[in-house]
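Structure record follows, encoded as structure tokens.
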Amino acid sequence: MYVIKFEDLGKDDIGVAGGKGANLGELTQAGIPVPPGFVVTSETYDKFMRDTGIFNKVMDILKETDINNTKELQDAAEEIKGIIIETPIPDGISTYITEAYNQLSERVGLDAADVAIRSSATAEDLPEASFAGQQDTFLHVQGIDQVIEYVRKCWASLFEARAIFYREENNFEHSQVYIAVVVQQMVDSDKAGVMFTVNPSTGENIALIEGSWGLGESVVSGTVTPDNYVVSKENNEVLNITISDKKTMFTNDEEGTSIQVEVPEDMRNERVLSDEELEKLVEMAKRVEGHYGKPQDTEWAFHDGNLFLLQSRPITTLGDSEEKADEEDDVDLEVLIKGLGASPGLASGTVKIILDLDELDKVQEGDVMVTTMTTPDMVPAMKRANGIVTDEGGVTCHAAIISRELGIPCVVGTGDATSTLKENDEVTADGKKGLVYKGIIKGAEDETASESAVQVSAAPLITVTEVKANVSMAEAAPKAAATGADGVGLLRTEHMMLSTGIHPKKFILDGEEDKLVDVIAESVLKVADEFYPKPVWYRTLDAPTDEFITLEGGENEPREHNPMLGWRGIRRELDEPEILKAEFKAIKKLHDKGYKNIGIMIPLSQHPSELRRAKELCAEVGLVPQVDVQFGMMVEIPAAAILIDEYIAEGIDFVSLGTNDLTQYTLAVDRNNEYVAKHYREEHPAVMALIERTIKHCAAAGVTCSICGQAGSVPHIVEKLVKFGITSVSSNTDAVEEVRKTVARAEKKIMLDAARKQL
Ligand code: PEP
Ligand code: MG
């Protein structure tokens, strides 16, 4: 069969229809409304290749090609693709495609249906790379001539240089690899979104639906806060509705490209889904779940009142919590409060509300600590807690950073956990989804830092880009070192100093500078020792006034309106050079003991003159920057990214991108403020532009460039940074393994792409 409609395909038809085609067929057969379409089978491709005589031509070209000669490989790929794209499809085949397309057009009520054309790989056991073109998708194709042209383009994609190279390297026969092509109606939805067929956090048997205007992209990408509906699957009763202010939507422009536009004023706060539409969705939820026998995570769209399912996959997050919920029938897993997931894991325990530092003793082993916002002097209590929940904060706030390092589940930015949750209640915090449930989830109360600790790979991957770890507390260093990280790309000093409970200024005022030097040196030594001889970058004190105020001697800290824009970082240290000098003395002490692996970097600089002054002070204690000690800086303020060449001219050994601050200062979004957390986006084009600029200018000058902000723990961002040419990435301990894999993959891809382009 050359062409098969979705209705006639099922999950076992991968050989003829490819994975995508078979899956769409399976859903259609199950009566689930997917946009209609058909598959041009792998047999068609085979027949086309043989009947036109190009099969032998192609095989001959491949036989004569030395795939290790990039130019030859590239030329062969171009030649073969040209042949396939230009060879007319014999009438015996094209009439079937034409007929199927005409039927589809008729079905959707158009002269020429607007379709998406996608290649669909036919052998699941072959890795993706052997079908380079399987990702090829051509949207908004209209008219039979175009359809035929794009079908040939999909076929031709089987002979991308990368695919040829991969098959030869792995001894797959070119003649045994086939490709199918999916042709499917495009759906320009009026409203769309996602639906979970059970509550993905608790496993509760309801439909959880999120929807907004236009294409589903706005919901899936998180660009909009969608309406949220909870509907009973038993009687379609709507259990809860949250209508949001939906500011933007995606729609297709005339060329069919999706563009973001403002939602008309009168629709912004309008409810997206009617009761009837919710019923249709619930009906679909039951069908798709029944068909697969498992709860599903789906994407749906309404177009002119018709509901379509665009995607369905099993819910992967249920795992233990679902099983545990089943075990404990009497446990009520109601969500008590929502916030932002800041440190993954489930933590059950008794609520202890901390509104004052005097109350810290209330937190005993295994409790869930609930507070407005953690401060550094809460760290000992945080260590005892099973989980942490805060009213305020975003994912880079103090509570988030420390919880991740301690491996304690944490939910931040709930708004009012301290008043909503009740002392001594039993709850479970879900640090991945940012939820707090009522009751204990069996097993979660034992989930300690060590269990959720990093996994050490038996044979660490070797990457050219170094993958380092961030460390804030000396006691976390062994766990960080166990990841095999290439060093410490950020040693946050604040927490080490704060662990003394005494403000550093107090040491100076009491004439105890030596003591301060010793305290710092002892803490840093533990980390430098653990990683020796790998580099450890000590960052000088970045002390926001609101965090230091509670320390002994902190009474004199100024009360600033906006500490994030205030007296912190290197600007503060240059005003209090005694503390900075004590830090330099501590590092000198360790260097004198042989720990030459410690480098120094300054935080939050906005002008090269600050770098110059800091270097002078360092030299004054007998440690000459760039001679005795590696000296670098953080790029955390747009000004530093813009003036990076001037900094380089001033003299630095390395740069580290502090994207937590760079993001807040570029976007004017306080990183600690939960009200604006949704606008905090490291991937904002302006932030990415500053990052790219910094990396490229450093690379051009031969200066090492790293990252130590939270973005360095996010694999898809790291992939981009590697492409920009970053020299190292420093992640949270729990992310090192994943980041290392991402880096390795990105590096391989760059090498392969370069090999192809080289000649
Ligand atoms: C940063 O700003 O990205 C950074 C790593 O520093 P901190 O989070 O300590 O401000
Ligand atoms: Mg910072």
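Note that the coordinates shown come from a computational prediction; the quantities given were computed from them, not determined experimentally. Whatever order the structure lists them in is the order used to number ligands and atoms, beginning at 1.
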- Item | Subset of ligand 1 atoms that lie under 4.0 Å from at least one heavy atom of Arg568 | 10 (O)
- Heavy-atom distances under 4.0 Å are what count here, so tell me which part of Met564 touches ligand 1: side chain, backbone, both or neither. neither
- Is there a donor-acceptor contact under 3.5 Å linking the side chains of Asp529 and Tyr595? yes
- Query: Heavy atom of Arg671 under 4.0 Å from ligand 1?
  - Reply: yes
- Task: Assess whether atom NZ of Lys534 is packed by more than 12 heavy atoms of other residues, nucleotides or ligands within 6.0 Å.
- Result: yes
- Which N, O or S atom name in Glu636 marks its closest approach to the Mg ion (ligand 2)? OE2
- Query: Which atoms of ligand 1 have any heavy atom of Leu490 under 4.0 Å away?
  - Reply: 5 (C)
- Task: Decide yes or no for Thr727 and Ser706: does some side-chain heavy atom of the first lie under 4.5 Å from some side-chain heavy atom of the second?
- Result: no
- Item | Test item: Thr493 and Thr540 side chains (from C-beta on) under 4.5 Å apart, heavy atoms | no
- Message: Can you tell me if Lys515 has over 12 outside heavy atoms packed within less than 6.0 Å of its NZ?
- Response: no
- Item | N/O/S atom name from Asp661 that is nearest to the position of the Mg ion (ligand 2) | OD2
- Message: Using a 3.5 Å cut-off on N or O atoms only, is Arg492 in polar contact with ligand 1?
- Response: yes
- Gly658: numbered ligand 1 atoms lying under 4.0 Å from its heavy atoms: 1 (C), 2 (O), 3 (O)
- Message: For His503 and Phe548, take the angle between the two ring planes, folded into 0 to 90°, and tell me which bin it lands in: parallel under 30, tilted 30 to 60, perpendicular over 60.
- Response: perpendicular
- Which heavy atom of the protein is the closest neighbour of atom 6 (O) of ligand 1, given with residue, atom name and distance? Arg539 NH1, 2.8 Å
- Enumerate the atoms of ligand 1 whose separation from the nearest heavy atom of Cys708 is less than 4.0 angstrom. 5 (C)
- Item | Passing candidate, side chain to side chain contact (heavy atoms under 4.5 Å, CB included) with Leu662, options Leu667, Ile637, Leu690 | Leu690
- Task: Consider every N or O of Asp661 and every N or O of ligand 1, then say whether any pair is closer than 3.5 Å.
- Result: yes
- Query: Under a 4.0 Å N-O cut-off, is there an ion pair linking Glu405 with Lys479?
  - Reply: no
